[in-house]
Amino acid sequence: MARSIVAHSTPRDRAAPPLWRGYRLIETAIGICGIAWSERGLTRLQLPEADPESTERRLRAGSETRAKPPRDIEHVVTALQRYCAGERIGFESVPLDLESVSPFYRRIYDQARRIAWGHTLTYGELGRLAGYPDAARAVGQAMGRNRIPIIVPCHRVLASGGKIGGFSAFGGPRTKERLLALEGIALGRGGGPLLPGLLSAR
């Protein structure tokens, strides 16, 4: 009977690099953020928690260690700082590692990355554009489980009627409103955005 290569991994297999190779904290205008990455790309962007220690604990969850980002990730640090200071910054070219994400989530995240800076869509609209016209609730769940906010701009995706909806980061909807405000989006009295939804041209 053939042996399982999973159950009987070689020392070389066990020495393979982990999915998350490193992380670093980033001081920004909205607080201490952080990024984590693997050899494939960015795996997490952590928004500020209650304190820097809590932010770092989140980043260490995958047993990664503090490190200098590789060259293709380095520019994310400066870009994130500029974005949090209110500059119009695009993150469409940032490489992501979504190997552990389901195909459905990947499709939703890829479509979400096309929402232009300063604009919004609803969960239902995003689902339709991604090819899932009846999946508004599932799209909302995908946004709630997004590990790379801002890069995958889940803050630009609102509930039906343009209401703020939920937000899983520390601070909840207030944090979402703060990110929208960085892009000049203010919610109207009825809860909807004062700017229309729009996709980028890419």
Side-chain angles (χ1 to χ4, degrees), residues 19-98 101 109-121 143-158 164 167-187 193-195 198-202:
L19 182 60
W20 290 3
R21 297 196 311 186
Y23 75 87
R24 68 159 291 179
L25 298 176
I26 305 169
E27 186 173 350
T28 77
I30 66 170
I32 301 296
C33 296
I35 56 172
W37 61 87
S38 75
E39 67 279 4
R40 302 184 190 104
L42 206 66
T43 59
R44 177 185 282 275
L45 191 153
Q46 184 62 48
L47 293 173
E49 291 282 314
D51 52 64
E53 292 73 24
S54 298
T55 302
E56 186 165 12
R57 278 197 297 272
R58 290 272 191 175
L59 290 168
R60 284 204 311 262
S63 299
E64 60 275 64
T65 57
R66 279 205 196 199
K68 180 180 179 180
R71 186 170 299 175
D72 59 347
I73 298 295
E74 280 184 340
H75 75 282
V76 178
V77 175
T78 301
L80 180 63
Q81 289 172 324
R82 292 172 59 193
Y83 173 86
C84 291
E87 289 190 45
R88 182 170 184 157
I89 301 293
F91 295 96
E92 296 86 354
S93 63
V94 174
L96 304 183
D97 181 350
L98 298 176
V101 175
Y109 293 162
D110 181 66
Q111 193 67 48
R113 294 187 79 184
R114 298 184 63 194
I115 305 174
W117 186 98
H119 295 84
T120 64
L121 293 176
M143 295 295 98
R145 295 172 183 170
N146 174 27
R147 300 170 70 94
I148 316 177
I150 297 179
I151 311 300
V152 176
C154 51
H155 64 286
R156 296 175 189 159
V157 187
L158 307 177
I164 189 68
F167 201 58
S168 59
F170 179 79
R174 288 187 178 181
T175 298
K176 188 173 185 176
E177 288 183 332
R178 188 176 186 185
L179 293 177
L180 290 172
L182 287 175
E183 302 180 18
I185 300 174
L187 298 183
L194 298 180
L195 291 177
L198 186 70
L199 292 179
S200 67
R202 83 174 179 87

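The chain is numbered in sequence order, starting from 1.
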Least distance between heavy atoms, W117 atom then G86 atom: CZ2-O, 4.3 Å

Donor-acceptor contact below 3.5 Å, side chain R58 vs main chain G34: no

Close side-chain approach of F167 to C154, heavy-atom, < 4.5 Å: yes

Candidate pair E56 and R66, rule salt bridge (charged side-chain N to carboxylate O under 4.0 Å, His left out), full reasoning: CA-CA 9 Å; E56 186 165 12; R66 279 205 196 199; 2.8 Å; yes

Side-chain (E183) to main-chain (G118) donor-acceptor, under 3.5 angstrom: yes

Reported CG-to-CD distance for the pair L182 and E87, which is rounded to 0.5 angstrom: 11.5 Å

Full working for side chain to side chain contact (heavy atoms under 4.5 Å, CB included) between L80 and I151: CA-CA 9 Å; L80 180 63; I151 311 300; 5.8 Å; no

Within-4.5 Å side-chain heavy-atom neighbours: Y23 and I35: no

Reported CG-to-CD1 distance for the pair D51 and I32, which is rounded to 0.5 angstrom: 10.5 Å

Close side-chain approach of T55 and C33, heavy atoms under 4.5 Å: no

Stepwise side chain to side chain contact (heavy atoms under 4.5 Å, CB included) test for R178 and I30: CA-CA 9 Å; R178 188 176 186 185; I30 66 170; 3.9 Å; yes

Check: R113 and V94 side chains under 4.5 Å, non-hydrogen atoms: yes

Y83 versus R156, closest heavy-atom pair with distance: CE1-NH2, 4.4 Å

Main-chain N/O of I148 paired with R44 side-chain donor or acceptor, under 3.5 Å: no

Beyond-backbone contact of P70 with W37, side-chain heavy atoms, under 4.5 angstrom: yes

Sidechain-backbone polar pair: T43 side chain, S38 backbone, donor-acceptor under 3.5 Å: no

Evaluation steps, salt bridge (charged side-chain N to carboxylate O under 4.0 Å, His left out), between E74 and K68: CA-CA 8 Å; E74 280 184 340; K68 180 180 179 180; 3.7 Å; yes

Test log, rule side chain to side chain donor-acceptor pair (under 3.5 Å), inputs E177 and H155: CA-CA 8 Å; E177 288 183 332; H155 64 286; over 6 Å; no

Any side-chain heavy-atom pair of V76 and I26 under 4.5 Å: no

Nearest-0.5 Å distance, NZ of residue K176 to OG of residue S168: 9.5 Å

From L42 atom CG to R147 atom CZ, the distance as rounded to the nearest 0.5 Å: 11.5 Å

Side chain to side chain, P95 and I73, heavy atoms closer than 4.5 Å: yes

Contact check, side chains of I185 and T120, non-hydrogen atoms, under 4.5 Å: yes

Non-hydrogen atoms of A67 and R24 that approach each other most closely: O-CB, 3.8 Å

From CZ (R60) to CD (E53), nearest 0.5 Å: 9.5 Å

CD-CD1 distance between Q46 and I150, expressed to the nearest 0.5 angstrom: 10.5 Å

N146 side-chain N/O to Y109 backbone N/O, donor-acceptor pair under 3.5 Å: no

Polar side-chain atom of T28 near backbone of Q81 as donor-acceptor pair, under 3.5 Å: no

